[in-house]
Colleague: 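Okay, handing you the structure first.
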There are 2 protein chains.
Amino acid sequence: MASDSLTSREKILDAAEALFARRGYAGVGLREVAESVGLVKSSLFHHFRSKAQLYCEVIARVLDRIRLGLAPVLDSDVGPVERLDRGVEALIDALAEHPPTARLLLRSLVEEDDFDSAPEALRVEEALGEILDGMGRLLREGVEAGVFREVSVPHMVQTLIGATVYHFASGDLGERLLGRPVLCAEEVRRRKRELQDLLHSGLVVNFPPRVRSEA
Amino acid sequence: MASDSLTSREKILDAAEALFARRGYAGVGLREVAESVGLVKSSLFHHFRSKAQLYCEVIARVLDRIRLGLAPVLDSDVGPVERLDRGVEALIDALAEHPPTARLLLRSLVEEDDFDSAPEALRVEEALGEILDGMGRLLREGVEAGVFREVSVPHMVQTLIGATVYHFASGDLGERLLGRPVLCAEEVRRRKRELQDLLHSGLVVNFPPRVRSEA
DNA sequence: TTGACTCCCGACCGATCGGTCGGATAGAGT
DNA sequence: ACTCTATCCGACCGATCGGTCGGGAGTCAA
């Protein structure tokens with residue numbers, strides 16, 4: 001056991017993560033997954049009951065990584081603005097840590113096969129719920145404290161997901177726009193700053209603040 | 001001919017668009033496409049040489065719709081802020097017009113099969129390039145005129161794509177966050193306003209402007 | 001009537017899909 | 001020596017995949 005410092009199960013999960021990220025659930029055959037870790041297809045079924053379960057475990061592992069990176073930041077008791085900045089940084093770090101992460105996540109958000117039947121889907125649901133709740137809570141507190149504008153919290157959560165997950169999942173298109181890979185260290189740093197600046201001040205300089213009719 | 005006011009070719013494209021949007025390129029069989037328009041698989045090959053060509057034509061058609069909606073706005077000669085607002089509105093209208101649009105687009109951005117070999121891929125490349133160039137030009141002009149902050153234009157293009165395409169592609173997750181379908185009329189209107197407000201003023205109230213020379 | 005053309009169908013092809021099954025190998029505990 | 005368990009393999013299954021082929025039905029022009 002542990003012939004290569006990783007158990008077969010973990011090697012399978014790693015390979016499946018990379019492949020699912022590149023070609024999606026339907027686009028990857030179990031044979032390809034197995035052979036990319038030096039096994040044969042039928043051997044996979046000693047570790048996972050089905051392709052759907054393997055997929056769910058891959059997704060759950062990714063979401064857990066993000067949750068673990070995000071939770072301490074969102075639970076810290078600094079002000080909303082600083083928590084937002086650090087949250088953006090933690091989220092981007094989690095996405096940039098392993099190249100397949102963002103792409104896999106974006107695909108899973110758009111995949112609509114019914115994996116809900118699998119019991120492993122509960123882990124996915126749980127981690128996703130905690131991440132979304134945490135982001136929503138931060139935004140709501142900031143709005144209630146008057147530190148953030150009175151934005152729609154759900155819409156802002158969507159914007160944050162789009163600005164992070166989509167960006168690092170954009171692959172060739174992103175590289176074509178930026179002129180270099182979206183995951184190279186400098187562009188990751190730049191992404192954090194650009195997104196934080198946008199959240200701080202928007203795009204338009206000195207835009208007249210919207211007249212508000214309430215206290 | 002024109003038995004249902006649409007040619008078979010157009011009906012095939014419509015059906016394929018909806019199916020590719022839902023389950024992706026690899027997840028859709030030609031048999032399913034054919035039967036959803038009342039044909040048999042082999043009949044498709046009288047209209048399209050291969051599955052890859054069908055896919056490329058579907059994508060090209062979607063990008064053309066967006067380009068047609070965006071071009072007049074981006075070419076108008078009003079100020080950058082108003083052009084930005086109208087561009088956001090036109091882009092969102094194009095995405096919300098047909099439900100499969102955003103999801104199909106997001107999938108195509110993340111799909112990395114080599115469709116480039118097909119000659120139809122040129123239409124895709126052309127339309128995509130025009131859309132991206134138009135957005136980039138608007139942002140660059142705004143920055144040079146001092147109306148926009150000195151943002152990274154490519155990063156801002158990415159953010160705009162994420163905030164629009166991702167949002168309307170998010171399906172169940174978006175509906176879960178918003179409490180109602182992302183494509184319902186009211187939420188579409190709200191999305192425009194939320195995004196425009198974010199671009200105008202950011203998220204944080206009265207954030208101190210960044211000092212240009214930093215350590 | 002005859003071709004020519006368009007549109008469509010059913011049968012068929014090799015390949016691959018997810019998944020099952022029986023057995024081979026090896027290590028650990030007794 | 002023995003069994004037990006974990007791990008892996010090869011053969012095999014029915015179904016489906018993208019794609020080909022020959023031909024039938026309809027229309028139009030000559």
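Reminder, nothing fancy here: chain letters follow the sequence lines and each chain counts from 1. Small disclaimer: the values here were computed from a predicted structure and weren't measured.
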Colleague: Without decimals, in angstroms, what is the distance between A/Leu44 CG and C/dC17 C1'?
Modeller: 14 Å
Colleague: Can you confirm whether more than 12 heavy atoms, excluding those of B/Arg31, are under 6.0 Å from its CZ atom?
Modeller: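 No - once you tally the heavy atoms of other residues, nucleotides and ligands closer than 6.0 Å, there are 12 at most.
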Colleague: In whole angstroms, how far is the P atom of C/dA11 from the CZ atom of B/Arg31?
Modeller: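 After rounding, the reported distance stands at 13 Å.
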Colleague: Is A/His46 side chain donor-acceptor paired with the D/dC8 base, going by distance under 3.5 Å alone?
Modeller: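 Flag set: donor-acceptor pair detected.
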Colleague: Quick one: is A/Ser42 getting a side-chain N or O under 4.0 Å of the C/dC21 phosphate, OP1 or OP2?
Modeller: no
Colleague: Looking at the rings of B/Tyr55 and B/Tyr25, which for Trp means the six-membered one, are their centres under 6.0 Å apart?
Modeller: yes
Colleague: Please report the distance, rounded to the nearest Å, between CZ in A/Phe48 and P in D/dT7.
Modeller: 11 Å
Colleague: Any salt bridge linking A/Glu57 with A/Arg49? Criterion: basic side-chain nitrogen under 4.0 Å from a carboxylate oxygen.
Modeller: no
Colleague: Would you mind checking if B/Glu111 and A/Arg23 are paired as a salt bridge, meaning a charged N to carboxylate O distance below 4.0 Å?
Modeller: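 The answer is no: the pair does not qualify as a salt bridge.
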Colleague: In this structure, how many angstroms lie between the C1' atom of D/dC17 and the CZ atom of B/Arg23, rounded?
Modeller: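 B/Arg23 atom CZ is separated from D/dC17 atom C1' by 15 Å.
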Colleague: Atom OH of A/Tyr25 to atom P of C/dC17: distance rounded to whole Å?
Modeller: 13 Å
Colleague: Which whole-number value in Å describes the distance from A/Glu35 CD to C/dC17 C1'?
Modeller: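 Atom CD in A/Glu35 sits about 14 Å away from atom C1' in C/dC17.
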Colleague: Taking OP1 and OP2 of C/dC9, is either one under 4.0 Å from a side-chain nitrogen or oxygen of B/Ser43?
Modeller: yes
Colleague: Give a yes or no on whether a donor-acceptor pair under 3.5 Å exists between the nucleobase atoms of C/dG19, that is its base, and the side chain of A/Lys51.
Modeller: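 Counting by modelled atom types and ignoring angles, no donor-acceptor contact under 3.5 Å is found here.
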Colleague: Can you measure B/Ile12 atom CD1 to C/dC7 atom C1' for me and round it to whole angstrom units?
Modeller: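 So the two atoms are 10 Å apart, to the nearest Å.
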Colleague: Looking at every strand, decide which applies to A/Val28 at a 4.0 Å heavy-atom threshold: base, sugar-phosphate, or nothing.
Modeller: sugar-phosphate
Colleague: Rounded to whole Å, please give me the gap between CG in B/Leu30 and C1' in C/dC9.
Modeller: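 The distance from CG of B/Leu30 to C1' of C/dC9 comes to 16 Å, rounded to the nearest Å.
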Colleague: If you assign each of B/Gly38 and A/Lys41 to its closest nucleotide in DNA chain C, which residue comes earlier from the 5' end?
Modeller: B/Gly38
Colleague: Can you see if the side chain of A/His47 gets near the phosphate of D/dC8 - specifically, an N or O under 4.0 Å from OP1 or OP2?
Modeller: yes
Colleague: Applying a 4.0 Å non-hydrogen cut-off, can you work out what B/Gly27 is touching in the nucleic acid: base, sugar-phosphate, or nothing?
Modeller: nothing
Colleague: Show the numbers, then the answer: is there a salt bridge (charged side-chain N to carboxylate O under 4.0 Å, His left out) between B/Lys192 and B/Glu187?
Modeller: CA-CA 9 Å; B/Lys192 293 178 189 172; B/Glu187 288 300 332; over 6 Å; no
